[in-house]
Amino acid sequence: MIQAPDLPLWAAIAVGFFVLLGASITLVGALGLLRMGNFYERIHPPTLGTTLGTACILIASMICFSTLHARPMVHEILIAIFVTLTTPITLMLLARAALYRDRIEGSENVPDDRIATAAVDDDGSPT
Amino acid sequence: MTTLVLALAITGAQILLALAMGCAAFRILRGPRAQDRVLGMDSLYIAGMLLFLTYGIQTGRTLFFEGALVIALLGFAGTVALAKFLMRGEVIE
Amino acid sequence: MTRLVPFPLLAAALFVMWVLLTGFSPGHVLLGAVVALLVSRVMLMLGPEPVRIRFGSAIVKLAALVVADIVRSNIAVARIVLFRPAEQRSGFIEFPTELRSPYALAVLAIIITATPGTLWVQHDARRHVVLIHVLDLVDDEAWIALISDRYERLLLEIFV
């Protein structure tokens, strides 16, 4: 189904540009999931999608709805704040889980656990 | 004319995001380890959320925005729970 | 004032979120204010450590720096993903930090993880060392100097 909202020319150009840019950045990030060699390298590329990819598509959405409703619509900023705050938490937890599993298996490519007791906290903050 | 070009741009973006979801799904299926699968699921959720937002732009309805917010919330909760499970073997202690 | 609204920043954030989600009708603005006042009082039960922030040019400078760095490292990581340069190698670095406030550490963790190419893995509260994974690791010392010059100094200014 090919359809689009009825926007003035400048808004249509801006929305189209930002949507395509955001989608391409997200795709590059997802390609990184396939192309990188080990887990710790693979965990980096998806941040492309959660930073610039999300930002571009949210900007496009803001321009689109602000023009359609003829007033500033900025509720997309909630998604931006939410994604920015939660991505570090998920990635940090995931990296620590991977590190923990690799250490238990005695893998060689991970730093050894000099902080064995401190590693028990799982939020990264000092207790 | 403008509308047609914009429609093509949005559809193109949706195809790119669907490909991104495909890459993430491949990582879920292929692994090789559990943490790779969880990482793939996290990316799948993000790409799905962005796809929802583009549907919102396409149809001009704000309903999709709330859907995207819910997807982001569920993705966060799911990934945190799975990461915790990988680390400790249980989710709620 | 502090007795009535113990966490002004949290209350303001809740109010803005409510208004953004429901739209600007007078009823919802009133309801949002009530919810913000009541819900932010829940935090009293948790008794968090008071956060002291110095509002000033340092916050604006840090925000601008982070946005610029996110764009720059997006391009850098995209190049690594697309072209896989042969000399690229990744690894862990240990970053000795001077930050002690948990809030400043949390902000640094968000900055480092949100910038593609670096990932905050673990913080050792006893040795004050942070384990960071870097995708494009050329020189350990250069990365440590970069993080400490660019972000840590400003964070020390902001969180007193």
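The chains referred to below are lettered A, B, ... by the order of the sequence lines, with proteins before strands, and numbering in each begins at 1.
Interface remark: B:R33 contributes side-chain atoms only to the contact with chain A (heavy atom separation under 4.5 Å). In this structure, chain B has heavy atoms under 4.5 Å from both the backbone and the side chain of A:A60. Neither the backbone nor the side chain of B:A18 comes within contact range of chain A, judged by heavy atoms closer than 4.5 Å. With a 4.5 angstrom heavy-atom cutoff, A:V83 touches chain B only via side-chain atoms. Heavy atoms closer than 4.5 Å to chain B are found nowhere in A:I13, neither backbone nor side chain. Looking at A:F82, the atoms closer than 4.5 Å to chain B (heavy atoms on both sides) all sit in the side chain, from C-beta outward. No part of B:M21 comes within reach of chain A, as not one of its non-hydrogen atoms sits under 4.5 angstrom from that chain. The contact between A:L68 and chain B is made entirely by side chain atoms (from C-beta outward), counting heavy-atom distances below 4.5 Å. Looking at B:L73, the atoms closer than 4.5 Å to chain A (heavy atoms on both sides) sit in the backbone and in the side chain alike.
By number of non-hydrogen pairs under 4.5 angstrom with chain A, the leading residue of B:T79, B:L50, B:I46, B:T3 is B:L50. Note: B:C23 leads B:A20, B:C23, B:G75 in heavy-atom pairs under 4.5 Å with chain A.
Among residues two or more places apart in sequence or in another chain, the salt bridge (charged side-chain N to carboxylate O under 4.0 Å, His left out) test is passed with A:R42 by B:D36.
Residue pairs satisfying the salt bridge (Lys or Arg N to Asp or Glu O under 4.0 Å) criterion with at least one member in residues 42-67 of chain B, sequence neighbours excluded, are absent.
Side-chain contact between B:F76 and A:I89 is present, with at least one heavy-atom pair separated by less than 4.5 Å.
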